[in-house]
Number of protein chains: 2
Amino acid sequence: MTEKTTRKPSAARIQQEARILRAAEEVFAQKGFSGTSMDSVAEAAGISKQNMIYYFSSKENLYRRVLQNILDLWLEKMSFIEDSSAEPAEMISAYIRGKLELSRDYPFASRVFAHEVINGAPILKEYLISHLQPQFERDTALVRRWIEAGKIDPIDPEHLFFVIWAGTQTYADFAPQIQLLLNKPALEQSDFDAAASFLTQIVLRGIGAEH
Amino acid sequence: MTEKTTRKPSAARIQQEARILRAAEEVFAQKGFSGTSMDSVAEAAGISKQNMIYYFSSKENLYRRVLQNILDLWLEKMSFIEDSSAEPAEMISAYIRGKLELSRDYPFASRVFAHEVINGAPILKEYLISHLQPQFERDTALVRRWIEAGKIDPIDPEHLFFVIWAGTQTYADFAPQIQLLLNKPALEQSDFDAAASFLTQIVLRGIGAEH
DNA sequence: TGCAAGTTTTACCAGCTGGTAAAGTTTCTT
DNA sequence: AAGAAACTTTACCAGCTGGTAAAACTTGCA
C-alpha cells in the first residue's frame, strides 16, 4: 500500500527546513511577526525567497512551525511533575535552573514567544489551552499538596509560577536592558549563575521551603 | 524679540497630539514598530493619515515621542530614593505596589517598552543610558548601604531589581497568558492585589527585610 | 539509461507602505 | 473685514510586501 499524500520527507528536506526554521526564529525574535519579511528570513537562511516558499507555503505557516517548535521544547523540559516524590526545595531550584538554561540557550525562542504573548497570543492561544493549561493545573495542584502537607507556607500557587516565569524569562527577553545596566557587552555564565542563586534563594525563603 | 523657530503650541494642537500619541501607544503596543502602519494609527486616532503626518512628520518621530512619554512617566514614578530614611521593608513594598499600578494603569506603555527592549532597544538605548542607568546606580547603592547596615541580608542588588521589574511587568506584558491560566477574561483589581502581596512577601522574606 | 519526482530559479503582480506636493479650508489676529 | 497662520484634504508615487505561475535544473530509482 503506497501512500500518495504523505511521502517520507528526504533527509535533505528535513535539513533545509531546519535551516529555515532556525533563521526564521532569529528574525521573528528581533522583529515580531508583522515586522518580519519573507525576504529577510530567506536571506538569513541563505536561499531565495521563492525557494523558501517552496518549503513553507506562507508566512503564517512558517511562524506557526517556529512557535510550535518553541513550545514543544519548553513543555518537554519544564515538566514540574515527573519526580513528584522529590522535596519542594530541590524541585523548585531545579525548575528555576532549567528555565534559566532555556533563556540562556534559546534566547530567540524566548523572544518569539514573548512577542506572541504580548500581542495577545492570537496564534498560540489554542496551543496554550490544550498543552500549557493542563500542565499548569497539575503543577499548581502539586504545590497545593505541599501546602496541605505543611512543607511550604500557604502561598498562592498561581502567582508563584508567574513570578518564576517572569524572573527567568527576563534574562532572555530583556537581556539588552540588563546588559546595559550591568555594563556588559553580553550576559555571561556567571550572570546566569548569579540570577539562579538569587531567584532560588528569594523564592525558597519567600515560600518557607528551606530546610 | 519674537521667536520664529519655536512658536507656542496652541491648546488645540496639544490636544490633537495627545490624541494621536494615545492611539499610537495602543497600536505600537499590539504590533511593534515595524508592524504598525501610519494608516492604522491614524484610523485609531480618528483622523486621516496625511493629517497625522502634519503633526508627526515621520513614523520614527512618532515612535520616539511615544517611548519618551512612557519613560518619563516611569522614571518619575519609580524613584526608589526620595525618602531614603524610610525602612527597607516599606520602601520595597511601596516600590512593588507602584510598579504594579503602572502595569495596571498603563499596560500599553509597558508593552511598547517591552517590544522595544526585546528588539535590542535600538532607539531607547541612549535614553536608558542617560536616564535609567544613573537612577539604577543610586538605587543599587542605597540597597548596598542597607546591607552594610545589616538591615537586609547580603544579596545581589542588581538582580533584586531585575526580579522586581520582571515580576511586576509580567502582569502587563504577559497578561494574555496569565488571564488564560487564571480562566479570566481580564485581570481584576483582586489579581493585582494578590500579585502585590505575593511578590512583596517573597522579596521581603527572601532578602531578610521583614521585621 | 530514462523519466518522474523533488528542487531551484526566473518572471511577474496586485496591494500596501511611508512619505511628498499642493490645493483647499478654518481659525486667529489686527 | 482681511490677511496670515494653522490646519485638513486630495492626489499621487516609488518601493517593498506576500504570493503565484511556470520554466529549468537535479536527484533517486526502475
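- The side chain of Gln50(B) has dC12(D) as its nearest neighbour among dG19(D), dC12(D), dT8(D).
- The side chain of Tyr55(A) contributes an N or O atom lying less than 4.0 Å from OP1 or OP2 of dT8(C).
- Lys59(A) places its NZ atom 8 Å from the C1' atom of dT17(D), with the value rounded to the nearest Å.
- Looking at Lys49(A), its side chain comes within 3.5 Å of the base of dG19(D) through a donor and an acceptor atom.
- In this structure, Ser48(A) reaches the dT9(C) phosphate: one of its side-chain N or O atoms is under 4.0 Å from OP1 or OP2.
- Atom pair Tyr54(A):OH and dA24(D):P shows a separation of 18 Å (rounding to whole Å applied).
- Under the 6.0 Å distance and 45° angle rule, Arg64(B) does not count as a cation-pi partner of Phe56(B).
- In this structure, the separation between NE2 on His115(B) and CG on Leu67(B) is 12.0 Å, given to the nearest 0.5 Å.
- Picking from dT17(D), dT8(D), dG19(C) the nucleotide with the shortest atom distance to the side chain of Asp39(A) gives dT17(D).
- The number of heavy atoms from other shown groups lying within 6.0 Å of CD (Glu43(B)) does not exceed 12.
- A donor and an acceptor atom, one from each side chain of Glu158(A) and Thr140(A), are nowhere located under 3.5 Å apart.
- Here dT17(C) presents its P atom at 15 Å from CG of Leu62(B), a figure rounded to the nearest Å.
- Rounded to a whole Å, the CD atom of Glu17(B) is 13 Å from the C1' atom of dA6(D).
- Panel note: side chain Lys99(B), backbone Gly167(B); no donor-acceptor pair is recorded below 3.5 Å.
- To the nearest angstrom, C1' of dC13(C) lies 13 Å from CD1 of Ile53(A).
- Checking dG18(C), dT7(C), dG18(D) against every side-chain atom of Met38(B), the shortest atom distance belongs to dG18(C).
- Checking side-chain atoms of Glu116(B) against main-chain N and O of Ile123(B) turns up a donor-acceptor pair under 3.5 Å.
- When rounded to the nearest whole Å, the span between CD of Gln15(B) and P of dC7(D) equals 12 Å.
- Rounded to whole angstrom, the span from the CD1 atom of Ile14(A) across to the P atom of dT7(C) amounts to 11 Å.
- For the OP1/OP2 pair of dA6(D) and a distance below 4.0 Å, the side-chain nitrogens and oxygens of Arg13(B) include no atom meeting the criterion.
- Atom CE in Met52(A) sits roughly 17 Å away from atom C1' in dT10(C) (whole-Å rounding).
- Shown for residues 21-37 of chain B: residues whose heavy atoms fall under 4.0 angstrom of DNA chain C, namely Thr36(B), Ser37(B).
- A side-chain donor from one of Tyr127(A) and Asp72(A) sits under 3.5 Å from a side-chain acceptor of the other.
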